[in-house]
**Student:** 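Below is one structure. I have some questions about it.
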Amino acid sequence: MKSPEHIPSEPIRVRIAPSPTGTIHLGLARTTLYNWAFAKRHGGKLILRVEDTDRARSTAESEHAILEGLHWLGTDWDEGPVVGGPHAPYHQSERVQEHLAVARRLLESGDAYRCFCTKERLDDLRQEQEAKKETPRYDRLCSQLASDQSAARAVDEPFTLRFRVPEGQTAVDDLVRGRVEFQNAEIDDWVMVRQGGQPTYNFVVVCDDAAMEISHVFRGEEHLVNTPKQILVYRALGLEPPAFGHLPLMLGQDGRKLSKRHGAVSLSKYIAEGYSRDALVNFLCRQGWALDGETEIFSVEQFIASFDPGDVSRAGAVFDFDKLRWMSGEYIHAESPDELALHCAPHMTAAGLMTAEELVQRGDWYREALCLGQERVRLYSEMPGVLGFLFAADASLEYDAKAEKNARKHSERVAELSAYHEHLHPMIELGVDAEVLRDDAKAWVAERNLKFPQLFQPLRCALTGAAGGPDLFSVMALLGPEASLARLAAGIERLA
RNA sequence: GGCCCCAUCGUCUAGUUAGGCCUAGGACACCAGGUUUUCAUCCUGGCGACUGGGGUUCAAAUCCCCAUGGGGUCACCA
């Protein structure tokens with residue numbers, strides 16, 4: 001929905017409120033990016049609040065993983081865990097007393113009431129309603145209780161606190177979707193505080209957003225139907241609700257909300273698989289938003305400079321892995337040798353090709369090798385596969401079937417290889433400039449009236465064992481004279 | 001099923017707010033050529049969409065209605 005840009009005069013305060021029950025999810029990553037960009041663009045603040053009230057599922061490890069994931073994305077927060085801030089604490093579990101105080105206010109004002117119904121009665125009610133094909137909802141039995149009666153029963157009976165949904169209708173002026181109206185009659189008198197005094201999500205989210213003076217709430221579309229409940233709480237509290245913007249869902253290949261079922265939803269998986277971070281960020285921004293109709297590759301700075309919630313699309317976005325891979329390649333192909341060296345390092349060591357020490361000691365060689373692989377990979381993790389041949393034992397280099405087939409196509413392969421070996425030997429030992437070797441080889445081939453493949457295919461097989469790959473003379477330069485000659489000699493025998 | 005959201009190439013999207021510039025643009029993927037010592041990169045071209053039906057209008061992908069389809073959500077989870 002495109003509208004005149006909505007830039008409120010109040011201080012912009014947005015938030016992300018992950019619950020630490022797993023690793024950082026792609027959906028959270030994108031929501032964070034959008035919130036972060038909005039705050040940055042308007043000079044506002046991003047608040048990180050950990051919604052750890054589900055004590056059974058929340059873990060410290062998960063929280064740590066999420067914070068780490070947010071850092072990896074390049075996002076940061078102005079208030080929250082680690083950095084602190086004026087609205088501490090930023091862990092929801094530590095705010096319960098505050099929540100309960102608000103609940104008491106609502107009880108006193110009559111906007112909430114005690115419900116003494118037992119689980120059994122509620123279950124029966126639900127079954128009955130389901131049997132009649134009605135939408136299950138509380139029948140408001142306890143809403144009729146007089147306050148003195150309610151207070152009296154509260155002494156020795158367990159109860160929940162329900163929100164008293166008023167008559168009428170509630171509209172959400174959504175920054176992404178426009179006005180969405182709900183009939184209050186459709187909204188259940190939902191439980192705000194459980195038996196035992198644990199406040200529930202729809203209630204605490206309002207308490208905390210209000211307490212933290214959140215001005216805009218950007219979150220996934222799955223929250224849209226919760227919004228009227230929350231708006232009603234703000235009203236009951238005499239507060240102005242924040243502006244809401246519900247982002248389209250990210251979908252799996254099957255068109256359903258992206259979830260664990262689809263496999264890779266955790267950011268850490270993409271990190272491990274070697275995607276370019278900037279590409280992933282770029283891609284996530286593109287899920288539901290476009291800079292213009294043309295530009296696919298753009299920086300976070302560009303994103304921040306032009307992000308407007310009104311431009312966000314309303315339809316869900318299917319996650320296209322192919323396009324992400326392509327984008328990752330675009331970023332990797334544009335990297336400097338130093339950036340590449342840094343990003344490929346973990347994959348090189350994990351593959352056992354080079355140790356961390358060697359990476360430093362042979363830094364120049366390593367960078368040159370990476371340059372040969374650069375345009376051939378789309379993920380950092382593909383680099384070991386592309387450069388692996390450089391590290392093989394010369395005599396037992398593995399020949400790819402296609403490479404060998406290409407080499408054996410040429411009946412004079414052994415003769416030409418031998419002749420070239422003889423020709424190359426004195427030269428290569430004098431110096432290994434790829435440029436010189438290349439020009440020389442081409443001249444040599446021309447002199448002997450050969451076609452390029454007649455020499456190059458067997459040579460490629462002998463040197464790299466692969467049917468394709470980087471320029472052969474750059475490869476020789478990297479291999480050095482000794483290994484180059486050794487591989488050539490081995491090839492002469494092996495291709496006989 | 002109730003409520004809510006959504007609907008442009010297979011996918012991501014531009015165009016929809018202020019109807020004509022749209023014989024609908026870009027990108028991924030795919031296909032075909034070209035460049036290259038090969039692979040990759042790169043370049044060129046091709047394929048390919050306004051869900052359907054009614055309106056409104058001189059004019060609709062754009063506005064309205066209905067239908068259809070897809071999704072979300074219906075907890076003492078967040």
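Reminder, nothing fancy here: chain letters follow the sequence lines and each chain counts from 1.
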**Student:** Over all strands shown, is T200(A) touching base, sugar-phosphate only, or nothing at heavy-atom distances under 4.0 angstrom?
**Tutor:**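 Counting heavy atoms under 4.0 Å across all strands, the contact made by T200(A) is with sugar-phosphate only.
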
**Student:** Please report the distance separating the P of A7(B) from the corresponding atom of C65(B), rounded so that it comes out in whole Å.
**Tutor:** 14 Å

**Student:** For D188(A) and D320(A), find the nucleotide of RNA chain B closest to each by heavy atoms; which residue's nucleotide sits nearer the 5' end?
**Tutor:** D320(A)

**Student:** Pick the closest RNA chain B nucleotide for D54(A) and for D292(A) by heavy atoms, then say which residue is nearer the 5' end.
**Tutor:**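 Looking at the nearest nucleotide for each, D292(A) comes out on the 5' side.
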
**Student:** Mind checking if G288(A) touches a base, just sugar-phosphate, or nothing, with heavy atoms under 4.0 Å?
**Tutor:** sugar-phosphate

**Student:** Under 4.0 angstrom, heavy atoms only, what part of the nucleic acid is G255(A) near: base, sugar-phosphate, or nothing?
**Tutor:** sugar-phosphate

**Student:** Should the side chain of E296(A) and the base of G26(B) be counted as holding a donor-acceptor pair, with the cut-off at 3.5 Å?
**Tutor:**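 Yes, the side chain and the base share a sub-3.5 Å donor-acceptor pair.
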
**Student:** Look at the side chain of E51(A) and decide which nucleotide, out of C6(B), G72(B), A78(B), has an atom nearest to it.
**Tutor:** A78(B)

**Student:** E186(A) side chain: which of A78(B), G2(B), G72(B) is closest?
**Tutor:** G2(B)

**Student:** Do the numbers put R219(A) on top of the ring of F244(A), so that NZ or CZ is under 6.0 Å from the six-membered ring centre and no more than 45° off the axis?
**Tutor:** no

**Student:** Parallel, tilted or perpendicular: which fits the ring planes of F473(A) and F456(A), with parallel below 30° and perpendicular above 60°?
**Tutor:**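 The arrangement is perpendicular - the two ring planes meet at more than 60°.
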
**Student:** Describe the nucleic acid contact of E181(A) in one word from base, sugar-phosphate, nothing, applying a heavy-atom distance below 4.0 Å.
**Tutor:** sugar-phosphate

**Student:** Choosing from A7(B), C76(B), A14(B), which nucleotide comes nearest the side chain of A315(A)?
**Tutor:** A7(B)

**Student:** Please determine, for the side chain of V318(A), which listed nucleotide (C12(B), G71(B), G26(B)) has the closest atom?
**Tutor:**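 For V318(A), the side-chain atoms sit closest to C12(B).
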
**Student:** Taking any heavy-atom pair under 4.0 Å as a contact, classify F182(A): base, sugar-phosphate, or nothing.
**Tutor:**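 Sugar-phosphate, backbone atoms only, no base.
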
**Student:** Hey, does the Lys NZ or Arg CZ of R153(A) hover above the aromatic six-ring of F159(A), less than 6.0 Å from the centre and inside 45° of the axis?
**Tutor:** no

**Student:** Find the partner of C58(B): check Watson-Crick (N1-N3 plus N6-O4 or O6-N4) and G-U wobble (N1-O2, O6-N3) distances, both under 3.5 Å, and reply none if neither fits.
**Tutor:**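 C58(B) is paired with G20(B).
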
**Student:** Taking ring-ring contact (aromatic ring centres under 6.0 Å, His included) as the criterion, tell me which of W289(A), Y275(A), F319(A), Y270(A) meets it with F283(A).
**Tutor:** F319(A)

**Student:** Say you pick atom C1' in G20(B) and the same atom in C63(B); how far apart are they, in whole Å?
**Tutor:**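 One C1' to the other, the span is 14 Å.
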
**Student:** Among C5(B), A40(B), A78(B), which nucleotide sits nearest the side chain of T53(A)?
**Tutor:**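 From the listed options, A78(B) comes nearest.
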
**Student:** Rounding to the closest angstrom, what is the interatomic distance between U11(B) and G55(B) at atom C1'?
**Tutor:** 33 Å

**Student:** For H246(A), answer base if it contacts any base atom (sugar-phosphate contacts may also be present), sugar-phosphate if it contacts only those atoms, and nothing otherwise; contact means non-hydrogen atoms under 4.0 Å.
**Tutor:**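 H246(A): no heavy atom of the nucleic acid under 4.0 Å.
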
**Student:** Taking atom types as they are modelled, is there a donor-acceptor pair under 3.5 Å from the base of C39(B) to the side chain of R376(A)?
**Tutor:** yes

**Student:** Looking at P89(A), is its backbone amide N or carbonyl O close enough to the side chain of R95(A) to form a donor-acceptor pair, meaning the two atoms are under 3.5 Å apart?
**Tutor:** yes

**Student:** Determine the interatomic distance between P on A14(B) and the same-named atom on G25(B); round to the nearest Å.
**Tutor:**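 The answer is 15 Å between these two P atoms.
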
**Student:** Once hydrogens and angles are ignored, does a donor-acceptor distance under 3.5 Å link the base of C12(B) to the side chain of R286(A)?
**Tutor:**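 Indeed there is one.
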
**Student:** Quick one: label E130(A) by what it contacts on the DNA or RNA (base, sugar-phosphate, nothing), any heavy atom closer than 4.0 Å.
**Tutor:** nothing

**Student:** With Q457(A) as reference, evaluate R408(A), E404(A), H410(A) under the side chain to side chain donor-acceptor pair (under 3.5 Å) test and give the passing residue.
**Tutor:**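 Looking at R408(A), E404(A), H410(A), the match for Q457(A) under the side chain to side chain donor-acceptor pair (under 3.5 Å) is H410(A).
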
**Student:** For the C1' atoms, the ones on U13(B) and on C9(B), what distance do you get once it is rounded to whole angstrom?
**Tutor:**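 Rounded to whole Å, the distance is 11 Å.
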
